[in-house]
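Below: one structure, written as structure tokens.
Residues take their numbers from the sequence shown, with the count starting at 1.
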Amino acid sequence: MLEALAEQPLEVVEGILRTILNDSESIVAANPHAIDAVLRVLQSSLLKKERREAEALDVDLIVALYETLPKAFPSRFLLLHSLSIGRGQEHLQALAELLVDDAPQSWIHVGLVLSPLFQHGDWSIEDIFPRLLDAIANPSVAGATLDLANHLYRSGRSTIHPCSDRDDELIPLLSALVSQLELVEKNPSAFGDSPEQINQILSEAIALIVSVCDALALIESDRAIPHLQAAMELSHRRIQTEAAGALARLGQQEGTDRLIALASEPSARLRVLAYAEELGLEDKIDSNFQSLEARAESELALWLAQPGQMAVPPSSLELLDHRLQFWPSFEEPIDCFLFRFTYRFAQGDFENVGMVGPLVHAFSADMTRLSIEDAYAAFAGWQAEHEDIYIVGRDAWNNTQQVAAESFRKDLEDRGFESVDAVFLGFFFGEHAVVANALSGTTVGVLVFDGLELLWFPTSQRPRPLGVEDAWHIFTGRKILRTFNSSRDEI
């Protein structure tokens with residue numbers, strides 16, 4: 001129903017918004033989820049419209065509803081996003097005022113709000129700048145605002161950087177951020193009761209300091225040099241890279257030297273190479289750090305360092321395999337890399353295998369005992385999305401599927417397996433297989449069996465053992481990669 005509503009003329013959605021505006025207090029109290037759903041419909045509807053249709057959005061209605069909804073309402077920021085999608089003069093002027101006076105508290109939400117302005121060049125810079133710069137004092141707005149200003153200047157849309165006369169505000173902001181991060185490095189526990197809280201503070205501060213360093217370099221603020229030098233001495237590699245890049249742009253040799261040295265750090269390498277290309281320093285970077293393998297290594301290190309993953313780069317990375325192979329959804333063969341990554345903790349090492357190429361990913365389960373071919377298969381099966389590849393859990397089996405599962409169980413017992421516990425049936429382009437936990441002798445494991453091919457993975461006494469879904473991914477991935485790479489003997 002909501003998808004159908006998004007296809008309706010904009011006036012229909014606006015009519016619902018007016019109803020909410022007229023009785024917002026009772027609707028918020030009774031059914032906040034309904035408002036959330038309508039705001040998401042508005043967003044979806046505008047994204048599907050032509051520019052002229054989106055520009056017809058009733059700005060006064062959006063502003064009134066934004067000002068009426070409680071500040072804590074989780075999807076309230078989508079109203080600002082709708083103004084940004086519209087991109088008309090009234091839309092952007094209203095957007096700038098609201099971001100200055102009543103911005104969302106999440107810097108991630110503000111980034112989403114401004115994202116259409118990065119994606120499109122059909123709007124007037126004067127409609128949002130310099131007014132939006134009055135929000136620089138607000139940490140939730142400053143980062144995205146500076147990123148937009150930097151983008152406009154770097155892309156050539158603006159011949160004068162929007163912050164060209166704002167270093168009096170940017171330099172104290174950089175100084176404060178450096179001081180904050182120095183304190184975090186000395187005593188992280190003072191900034192939160194949990195690793196999640198500390199990581200959130202770090203993420204926000206790092207995102208902002210990156211934007212400030214870039215802006216100060218682009219506006220060629222020599223007065224910022226001592227503060228950029230202080231930032232370059234922080235331990236975080238991303239901040240070192242940004243500060244070094246800024247100093248190099250300002251003609252400081254120490255910045256150039258640090259930037260070149262940071263190319264050896266996988267988590268910093270891609271950013272270093274981007275700055276080196278921009279500043280004409282490619283010939284000073286060791287060619288080994290510019291290879292496909294080195295870039296892939298950096299991609300995985302950056303992915304692992306994300307807050308939703310390990311949150312820090314690995315202690316070491318080792319290339320296990322590099323091959324050019326066909327991969328689902330790619331017309332031409334693609335370079336695929338497998339790396340073993342290691343984290344060295346006080347309580348012991350943590351190792352696993354990650355892939356870079358058509359995807360960047362690593363599993364929770366331990367993949368280090370798999371063959372190279374099965375490791376690739378696991379990633380291919382995990383990534384594959386097709387209506388003819390699916391699973392059905394045993395609670396949803398029909399009579400035919402129950403009979404098939406029982407037949408598989410008996411066949412597996414004839415092959416010496418015991419305690420076969422079928423978890424689901426997997427379907428692959430008309431073929432089907434059972435996926436189960438089982439016992440072989442005294443060894444517990446997971447298996448996949450289609451009547452002909454049997455995959456068996458022991459799990460006894462193994463940390464982070466493969467689960468039934470991991471086994472299914474390997475099974476389907478094997479079939480997929482065989483089909484796509486039929487001329488390769490090893491697949």
Side-chain angles (χ1 to χ4, degrees), residues 5-22 24 35-36 38-69 73 75-104 106-136 138 140-163:
L5 181 58
E7 301 292 342
Q8 296 295 314
L10 189 56
E11 293 85 350
V12 175
V13 182
E14 288 180 336
I16 299 173
L17 293 175
R18 287 191 182 89
T19 301
I20 294 172
L21 177 63
N22 293 332
S24 62
I35 299 179
D36 177 81
V38 172
L39 295 184
R40 296 189 183 281
V41 165
L42 171 67
Q43 179 191 39
S44 176
S45 175
L46 287 169
L47 290 171
K48 294 177 181 178
K49 305 296 184 189
E50 297 290 337
R51 167 68 193 279
R52 57 181 178 79
E53 295 177 281
E55 199 172 354
L57 179 70
D58 187 334
V59 174
D60 292 337
L61 170 63
I62 299 302
V63 172
L65 186 54
Y66 183 82
E67 293 176 337
T68 300
L69 288 176
F73 196 80
S75 55
R76 180 173 176 249
F77 74 95
L78 293 176
L79 290 165
L80 298 183
H81 190 219
S82 70
L83 294 174
S84 190
I85 296 171
R87 303 193 299 283
Q89 181 180 23
E90 290 184 69
H91 302 76
L92 296 184
Q93 289 176 349
L95 174 63
E97 293 298 326
L98 291 172
L99 285 174
V100 170
D101 297 333
D102 188 15
S106 167
W107 62 280
I108 296 176
H109 286 169
V110 176
L112 177 62
V113 164
L114 294 178
S115 60
L117 305 185
F118 288 84
Q119 298 163 3
H120 302 280
D122 56 352
W123 53 277
S124 174
I125 296 172
E126 290 74 20
D127 291 338
I128 199 165
F129 286 109
R131 177 56 172 148
L132 188 56
L133 296 176
D134 293 336
I136 284 179
N138 184 342
S140 69
V141 184
T145 297
L146 293 174
D147 285 343
L148 181 58
N150 295 339
H151 167 74
L152 293 171
Y153 182 71
R154 186 173 268 112
S155 66
R157 279 209 63 208
S158 177
T159 56
I160 300 175
H161 195 289
C163 299

Q: Report the C-alpha separation of L61 and R18 in whole Å, then their side-chain angles, then the decisive distance to 0.1 Å, and conclude whether the side-chain contact (heavy atoms from CB on, under 4.5 Å) test is met.
A: CA-CA 7 Å; L61 170 63; R18 287 191 182 89; 3.6 Å; yes
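- Side-chain contact between I128 and W123: present, with at least one pair of heavy atoms (C-beta onward) separated by less than 4.5 Å.
- Nearest heavy atoms, F77 versus V113: O-CG2, 3.6 Å.
- The shortest heavy-atom contact between Y66 and A103 is OH-C, 3.9 Å.
- Interatomic distance, CG of L42 versus CG of L17, reported as 5.5 Å (0.5 Å rounding).
- Taking CZ from R76 and CD1 from I35, the interatomic distance works out to 12.0 Å, rounded to the nearest 0.5 Å.
- Summarising the geometry of E14 relative to A56, their closest heavy-atom pair is OE2-O, 4.1 Å, with the distance given to 0.1 Å.
- Using a 4.5 Å cut-off on side-chain heavy atoms (C-beta onward), S140 and I108 make no contact.
- Using modelled atom types, one side-chain atom of S106 and one backbone atom of H109 make a donor-acceptor pair closer than 3.5 Å.
- To the nearest 0.5 Å, atom CG of residue L99 and atom CG of residue D134 are 11.5 Å apart.
- With rounding to the nearest 0.5 Å, the separation of CZ in R157 from OG1 in T159 is 11.5 Å.
- Other residues, nucleotides and ligands place no more than 12 heavy atoms under 6.0 Å from the CD atom of E50.
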(Q) For a side-chain contact (heavy atoms from CB on, under 4.5 Å) check, start with the C-alpha distance between D58 and E11, then their side-chain angles and the critical distance, and finish with the verdict. (A) CA-CA 9 Å; D58 187 334; E11 293 85 350; over 6 Å; no
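- Interatomic distance, NE2 of H161 versus OG of S158, reported as 8.0 Å (0.5 Å rounding).
- For the residue pair V110 and A144, the shortest heavy atom distance occurs at CG1-CB, 3.9 Å.
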Q. Should L146 and C163 be marked as a side-chain contact (heavy atoms from CB on, under 4.5 Å) after you check the CA-CA gap, both sets of side-chain angles, and the distance that decides it?
A. CA-CA 8 Å; L146 293 174; C163 299; 3.6 Å; yes
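- Side-chain atoms of S84 do not come within 3.5 Å of backbone N or O of L80 as any donor-acceptor pair.
- A donor-acceptor contact shorter than 3.5 Å is absent between the side chain of S45 and the backbone of V41.
- A distance of 11.0 Å separates CG of L132 from CG of L98, quoted to the nearest 0.5 Å.
- By the 4.5 Å heavy-atom criterion applied to side chains, E53 and P9 are not counted as neighbours.
- The neighbour count for L47 CG, taken as heavy atoms of other residues, nucleotides or ligands under 6.0 Å away, is above 12.
- Applying the ring pair (Phe, Tyr, Trp, His ring centres under 6.0 Å) criterion to F129, with sequence neighbours excluded, gives no partner residue.
- Residue L39 comes nearest to S75 through the heavy atom pair CD1-O, 3.4 Å, listed as atom of the first residue, atom of the second, then distance.
- Remark: the backbone N or O of L79 is paired with a side-chain donor or acceptor of S82 at under 3.5 angstrom.
- Nearest heavy-atom pair, A94 versus V59, reported as atom, atom and distance to 0.1 Å: CB-CG1, 3.7 Å.
- Judged as a salt bridge (charged side-chain N to carboxylate O under 4.0 Å, His left out), and not counting sequence neighbours, the contacts of R40 are D36.
- Residue pairs meeting the salt bridge (charged side-chain N to carboxylate O under 4.0 Å, His left out) criterion with at least one member in residues 84-94, sequence neighbours excluded: R87-D122.
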Q: Using the side-chain contact (heavy atoms from CB on, under 4.5 Å) rule, take L95 and H91 through it: C-alpha gap first, then chi angles, then the decisive distance, then the call.
A: CA-CA 6 Å; L95 174 63; H91 302 76; over 6 Å; no
